[in-house]
Amino acid sequence: MDNDHETGNKVEVMKRLKEKILHRVHLWKYKPIRVFVFHAVSDEFNPMYGWKGDWTQLDTFKRKILGYKREYTFISLSEALTHLKTDTFRLHKYAVLTSDDGLKSLENVLPWLKEERIPITLFLSAKYFDGESYYKGYDPYWEKQGKPIPAVRANELYLSKKQVWDLKNPFVEIAIHGWEHATIQDMPLEEFEQQTKKAEEVLSNHPRYVPFYAYTYGKYTKSSVEYLKNKQLVPVLCDGQINVKFDGFIHRECIDGE
């Protein structure tokens with residue numbers, strides 16, 4: 001019995017060692033592609049428009065991006081997907097920049113990113129193009145104040161449809177961030193399908209549209225992933241992981257804050 005136990009332990013140790021070796025060989029053969037995501041960027045934080053954890057001071061943002069630029073070659077999300085699917089060998093260090101929500105504060109960084117020739121993919125919720133009132137979700141700032149979270153009109157918070165459609169430069173891609181900024185974790189699949197279809201109908205008309213879908217709040221379901229894949233939409237997460245080979249998802253790291 002003891003011999004069987006010892007043999008089993010040796011097999012398990014050898015299995016783990018093999019996995020470690022294969023993982024290191026894999027990383028040596030394929031330099032990972034890092035995909036970054038940010039939200040609000042401005043000189044000063046405005047609690048009317050979001051949670052401070054999703055905000056970066058403007059000079060801090062620029063310093064951070066320039067630091068990444070010295071270490072990586074920035075490419076578009078579409079280019080990154082091609083590399084992840086087709087590379088047989090990758091020693092070059094690539095990075096991708098994305099932004100969620102389409103907040104008006106993007107006006108502070110988009111011209112600068114164009115000057116720096118840094119591609120960016122904007123994930124947008126198409127519902128807010130019409131300027132409807134938007135009731136802000138959970139925000140610790142207002143909770144601590146003991147005050148109700150203020151309702152903010154969409155045209156105060158988000159880029160307008162005209163502003164988005166004027167973004168035709170080759171450094172910008174447009175993709176889906178749901179129809180509205182709502183978690184889908186408890187959303188019936190039929191409703192998710194309807195909302196995704198509405199968002200796609202609007203955004204796919206943009207000349208810089210690309211078929212990616214970033215989940216709001218990082219929440220997703222297996223059934224929604226299957227639906228996106230059947231629609232030829234690539235699911236995008238914010239889970240802190242890097243990308244080595246395409247595993248069905250694009251993984252992102254949040255770079256908001258200091």
- [ ] With side chain to side chain donor-acceptor pair (under 3.5 Å) as the test, would you mind laying out the steps for E79 and S76 before giving the verdict?
- [x] CA-CA 5 Å; E79 290 178 86; S76 70; 3.2 Å; yes
Open item on the list: Looking at every non-hydrogen atom in both residues, tell me the closest pair between A199 and A126 and how far apart they are.
Closed with: CA-CB, 4.3 Å
TODO: Report yes or no: is the cationic atom of K161 (NZ for Lys, CZ for Arg) closer than 6.0 Å to the six-membered ring centre of W165, at no more than 45° off its axis?
DONE: yes
Task: Residues T221 and Q185: side-chain donor-acceptor under 3.5 angstrom - done: no
Open item on the list: Is any side-chain heavy atom of F38 closer than 4.5 Å to one of V109?
Closed with: yes
TODO: State whether the side chain of H177 and the backbone N or O of A214 hold a donor-acceptor pair below 3.5 Å, judged by distance alone.
DONE: yes
Open item on the list: Restricting to non-hydrogen atoms, name the atom on Q57 and the atom on D43 that form the minimum distance, rounded to 0.1 Å.
Closed with: CG-O, 3.4 Å
Open item on the list: One pair to check against side chain to side chain contact (heavy atoms under 4.5 Å, CB included): N155 and S160. What are the steps and the verdict?
Closed with: CA-CA 6 Å; N155 56 7; S160 68; over 6 Å; no
- [ ] May I ask you to establish whether K85 and F246 are in a cation-pi arrangement, using a distance under 6.0 Å from NZ or CZ to the six-membered ring centre and at most 45° from the ring axis?
- [x] yes
TODO: Would you name the heavy atoms of L106 and S99 that are closest together and state the gap between them?
DONE: CD2-OG, 3.6 Å
TODO: Begin from the C-alpha positions of I65 and W112 and carry the test side chain to side chain contact (heavy atoms under 4.5 Å, CB included) through to its verdict.
DONE: CA-CA 11 Å; I65 296 303; W112 178 77; 3.9 Å; yes
- [ ] Determine whether more than 12 heavy atoms belonging to other residues, nucleotides or ligands lie under 6.0 Å from atom NZ of K231.
- [x] yes
- [ ] Check for a donor-acceptor pair, side chain of K245 on one end and backbone N or O of D87 on the other, with a separation under 3.5 Å.
- [x] yes
Task: N/O donor-acceptor pair under 3.5 Å between T196 side chain and E193 backbone - done: no
- [ ] Kindly determine whether H39 and W55 satisfy ring-ring contact (aromatic ring centres under 6.0 Å, His included), including the steps that lead there.
- [x] CA-CA 6 Å; H39 297 79; W55 169 77; over 10 Å; no
Task: Shared hydrophobic cluster, L203 / V236 (ILVMFWY, side-chain heavy atoms < 4.5 Å) - done: no
Open item on the list: Less than 4.5 Å apart, side chain to side chain, heavy atoms only: is that true for V35 and E253?
Closed with: no
Open item on the list: When you measure from the side chain of T56 to the backbone of G257, do you find a donor-acceptor pair of N or O atoms at a distance under 3.5 Å?
Closed with: yes
- [ ] Would you indicate whether the side-chain heavy atoms of L157 and L103 approach each other to under 4.5 Å?
- [x] yes
Open item on the list: I'd like to know if the side chain of E191 reaches the main chain of P188, judged simply by a donor and an acceptor atom lying under 3.5 Å from each other, with no hydrogens or angles considered.
Closed with: no
TODO: Could you tell me whether K219 and D186 make a salt bridge, using a distance below 4.0 angstrom between a side-chain N and a carboxylate O?
DONE: no
Task: Donor-acceptor contact present, side-chain N243 to main-chain I33, <3.5 Å - done: yes
Task: Student check: side-chain heavy atoms of V164 and F129 closer than 4.5 Å - done: yes
Open item on the list: Among L124, T216, D100, which residue satisfies the side chain to side chain contact (heavy atoms under 4.5 Å, CB included) criterion with H181?
Closed with: T216
Open item on the list: Has S204 got a side-chain atom pairing as donor or acceptor with E200's backbone, closer than 3.5 angstrom?
Closed with: yes
- [ ] Name all residues meeting the ring pair (Phe, Tyr, Trp, His ring centres under 6.0 Å) criterion together with W179; count only those two or more places apart in sequence or in a different chain, and write none if there are none.
- [x] none
Open item on the list: Main chain of K31, side chain of R90: is a donor-acceptor contact present, judged purely on distance under 3.5 Å?
Closed with: yes
Task: Chi angles and distances behind the side chain to side chain contact (heavy atoms under 4.5 Å, CB included) call for L84, Y30 - done: CA-CA 9 Å; L84 292 170; Y30 301 102; over 6 Å; no
TODO: On the 0 to 90° scale, with breaks at 30° and 60°, tag the Y94-H92 ring pair as parallel, tilted or perpendicular.
DONE: tilted
Task: Closest non-hydrogen atom pair between I184 and S224, with its separation - done: CD1-OG, 3.5 Å
- [ ] Would you please classify the geometry between the Y68 ring and the F74 ring as parallel, tilted or perpendicular, with 30° and 60° separating the classes?
- [x] perpendicular
Task: Minimal non-hydrogen separation, G248 against P235, with atom names - done: O-CG, 3.2 Å
Task: D256 side, atom CG; D54 side, atom CG - distance, nearest 0.5 Å - done: 5.0 Å
Open item on the list: Looking at E156 and K104, is any side-chain nitrogen of the basic one under 4.0 Å from a carboxylate oxygen of the acidic one?
Closed with: no
Open item on the list: Give me each pair satisfying salt bridge (charged side-chain N to carboxylate O under 4.0 Å, His left out) with a member in residues 57-77, each pair once, sequence neighbours excluded.
Closed with: K69-E116, E71-K93
Open item on the list: Side-chain heavy atoms nearer than 4.5 Å, only ILVMFWY residues, links allowed to pass through others: does that put I176 and L77 together?
Closed with: no
- [ ] Compare all side-chain heavy atoms of N169 with those of L110 and state whether any distance is below 4.5 angstrom.
- [x] no
- [ ] Taking all non-hydrogen atoms of both residues into account, name the closest pair between P119 and L97 and its distance.
- [x] O-CB, 3.7 Å
Open item on the list: Angle between ring planes, Y128 versus Y158, binned at 30° and 60°: parallel, tilted or perpendicular?
Closed with: parallel
Task: Side chain proximity check, I255 to V37, heavy atoms < 4.5 angstrom - done: no
Open item on the list: Can you confirm whether Y220 sits close enough to F192 that some side-chain heavy atom of one is under 4.5 Å from a side-chain heavy atom of the other?
Closed with: no
Open item on the list: Can you confirm if the aromatic rings of Y217 and Y215 lie within a centre distance of less than 6.0 Å?
Closed with: no
Open item on the list: Donor-acceptor pair, distance only, cut-off 3.5 Å: does the side chain of R34 make one with the backbone of V96?
Closed with: no
Open item on the list: I'd like to check D247 versus H251 (side-chain heavy atoms, cut-off strictly below 4.5 Å). Are they in contact?
Closed with: yes
Open item on the list: Determine whether a donor-acceptor pair (N or O, by modelled atom type, separation under 3.5 Å) exists between the side chain of S105 and the backbone of A40.
Closed with: no
Task: Aromatic F123 / basic R252 pairing, under 6.0 angstrom, 45° off normal - done: yes
